[in-house]
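Just below is one structure, and these are the notes that go with it.
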Amino acid sequence: MQIVVLAEFAVASGGAEKVAVESARGLAEAGADVTYIQAIAGPADPLLDHPRIRRICLGTTDIWQRPAHKAALNGLWDSEAAIRLGAALDGLPARPDLVHLHQWTRSLSPSVFPVLFSRGLPVVTTLHDYFLACPNGVYYRFDRAEPCTLRPLSAACVAAPCDGRSRLHKLVRVGRSVSLRAALRRRRLDVIHVCDASLSRMGGLMRNLALHHHRVDNPVRVANGPPAEPARGDAIAYVGRLTREKGADLVAEAARAAGLPALFIGAGPLEDSLRDRPGIELLGWQAPEAVWRILHGRARAIAAPSRWYETGPLTIYEALANGIPVVASDRSGASEAVRDGVNGFSVPPEEAALTRAFAALGEDATAARLGAAAHARYWAAPMTLSDHAAALLCVYDRILTAQGSRREINGPLNSAA
């Protein structure tokens, strides 16, 4: 089977890129022939070094590196990116059976969809965020620090000053959403949800499009080694971008109230304000291997109290796989993996609720019990790379069958088109 994985980066600099790269590797190991097309010029993850993976770079630039006026216009519709993608597809030695899109907002724009549809290629996209429905991509009111309740592209939505940057930026994003809706109108698009909450929420937000919904967990590439000993840890840990929507400030406040240090791995807008608080340790960004080495020795728990409807932060699953309890926002899709009081706590992203959870984890017996359960429950049904690839191939099979495309999945996979 011939699969094109289309993303904007080829390194795991964020959750979407990480899933794209790991999915490509998993599919190749399952026997599919994968062409990984990265839009933005840059390095590639070593995971893409596999005999069944061909990598193509379109050589575009990150929209945030372009002049403001050009970035705004290209964000609406980037004709050059579309031309380059079309040439790359037409130059492949074998016609793809399916294209799996992971990202399009940083350089590709809605212009890539007509390129794919015009070639008669089945298209599936993983919903790592809400850009398919919401102009700002997170269905969150930055002006109110709360989830959005407006219908996307309604008059109230367009008028709301909800963007995290500016009203002008919001208008550009509204224009992009309008372009996207036009590109997708009356076209079949298969979408993969990474959590149940996304499936229920996005289904309602995108009723006017011809979407076909599927549910596949993100892969978690963690070796089954000795679990951490969270009762020996000295801090509540936070891993990721330091922003209000992700709740980094809540971790600092609740940890102080619970009488525990807070350890932050990452960077972001809240970095300076967090640095001035007592009981806070900022380590900045770290390599993945260093992150888990640090957390194994320091973390009593990992906190992910997102204020927005985060679809599936991988850190939560990785923590559970490492035997570290999780305190997750009940708005997060990944909280579906957390059993309250069993392998962690699923709580509202509020200081009082977080403080209670952190205080409970301050007891050695509780931290040890939740950590042991986290490890045991995760490894009873792990979300491995091979399991993820098998689930994707089943989805691809259904899509190709529905569209009358040739199937080569039920038997051994080979390189024939």
Side-chain angles (χ1 to χ4, degrees), residues 8-9 13-17 39-40 60-81 103-113 127-184 201-202 205-206 240-250 252 266-276 285 305-311 313 329 331-332 349:
E8 292 182 306
F9 298 91
S13 57
E17 301 97 328
I40 298 172
T60 65
T61 58
D62 190 330
I63 197 168
W64 300 115
Q65 296 177 352
R66 305 176 194 180
H69 70 284
K70 189 172 184 180
L73 292 174
N74 291 161
L76 297 175
W77 197 268
D78 193 334
S79 298
E80 179 61 28
Q103 298 163 300
W104 55 272
T105 60
R106 291 285 291 273
S107 71
L108 292 173
S109 85
S111 67
V112 300
F113 288 98
L127 301 182
H128 300 286
D129 46 44
Y130 295 90
F131 272 119
L132 207 60
C134 168
N136 75 20
V138 289
Y139 202 50
Y140 180 80
R141 295 287 300 266
F142 286 90
D143 57 325
R144 297 182 177 180
E146 63 185 25
C148 185
T149 59
L150 303 176
R151 179 170 57 85
L153 294 187
S154 64
C157 164
V158 173
C162 60
D163 196 86
R165 296 177 183 270
S166 66
R167 284 182 177 271
L168 178 59
H169 196 256
K170 167 69 181 289
L171 288 177
V172 172
R173 285 179 156 180
V174 166
R176 181 174 64 186
S177 291
V178 171
S179 297
L180 176 65
R181 295 284 181 95
L184 296 181
R201 190 172 296 120
M202 284 290 281
L205 294 176
M206 300 295 292
R241 186 163 164 76
L242 308 182
T243 63
R244 282 185 55 79
E245 67 270 19
K246 284 183 170 288
D249 57 312
L250 291 173
L270 298 183
E271 191 169 354
D272 289 340
S273 64
L274 290 174
R275 184 177 287 110
D276 295 335
W285 291 114
S306 294
R307 289 182 169 99
W308 73 286
Y309 294 128
E310 197 165 7
T311 54
S329 167
R331 296 176 186 171
S332 166

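Note that the structure is a prediction, hence the values are computed from the model and not measured.
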Beyond-backbone contact of [X] with [Y], side-chain heavy atoms, under 4.5 angstrom:
X: S332; Y: K246; answer: no
X: F9; Y: D62; answer: yes
X: L250; Y: P349; answer: yes
X: L153; Y: P135; answer: yes
X: L274; Y: L242; answer: yes
X: W308; Y: P147; answer: no
X: E8; Y: T60; answer: no

_One pair to check against side chain to side chain contact (heavy atoms under 4.5 Å, CB included): Q103 and L108. What are the steps and the verdict?_
CA-CA 8 Å; Q103 298 163 300; L108 292 173; 6.0 Å; no

Shortest non-hydrogen contact between [X] and [Y], atoms and distance:
X: L127; Y: T311; value: O-CG2, 4.0 Å
X: L132; Y: L184; value: CD1-CD1, 3.9 Å
X: S107; Y: A81; value: O-CB, 3.8 Å
X: A267; Y: W285; value: CB-NE1, 3.4 Å
X: A183; Y: P110; value: CB-O, 4.1 Å
X: A159; Y: R167; value: O-NH1, 3.6 Å

Out of curiosity, [X] [atom1] to [Y] [atom2], how far, rounded to the nearest 0.5 Å?
X: I63; Y: I40; atom1: CD1; atom2: CD1; result: 9.0 Å
X: C134; Y: Y140; atom1: SG; atom2: OH; result: 12.5 Å
X: L150; Y: C162; atom1: CG; atom2: SG; result: 7.5 Å
X: S179; Y: L76; atom1: OG; atom2: CG; result: 5.5 Å

*Between R307 and R244, is there a donor-acceptor pair closer than 3.5 Å when you use the side chain of the first and the backbone of the second?*
yes

*Answer yes or no: is there a donor N or O on one side and an acceptor on the other, between the side chain of Y139 and the main chain of D129, under 3.5 Å?*
no

*Lys/Arg-Asp/Glu bridge criterion (N-O < 4.0 Å) met for D143, R141*: yes

*Salt bridge check: are D78 and R106 linked by an N-O gap of less than 4.0 Å?*
no

*Would you check if the distance from the ring center of H128 to the ring center of W104 is below 6.0 Å?*
no

*Between R176 and S109, is a side chain to side chain donor-acceptor pair (under 3.5 Å) present by the stated rule, with each step listed?*
CA-CA 8 Å; R176 181 174 64 186; S109 85; over 6 Å; no

*Does a sphere of radius 6.0 Å around CZ in R151 hold more than 12 heavy atoms from other residues, nucleotides or ligands, not counting ones at 6.0 Å or beyond?*
no

*Relative to Y130, does R201 satisfy both conditions: NZ or CZ under 6.0 angstrom from the six-membered ring centre, and within 45 degrees of the ring's axis?*
no

*Is a side-chain donor-acceptor pair under 3.5 Å present for S306 with R331?*
no

_R173 and side-chain hydrogen bond (donor to acceptor under 3.5 Å, both in side chains): which single residue from T105, D163, N136 fits?_
D163

*Check step by step if side chain to side chain contact (heavy atoms under 4.5 Å, CB included) holds for R181 and M206.*
CA-CA 10 Å; R181 295 284 181 95; M206 300 295 292; 4.1 Å; yes

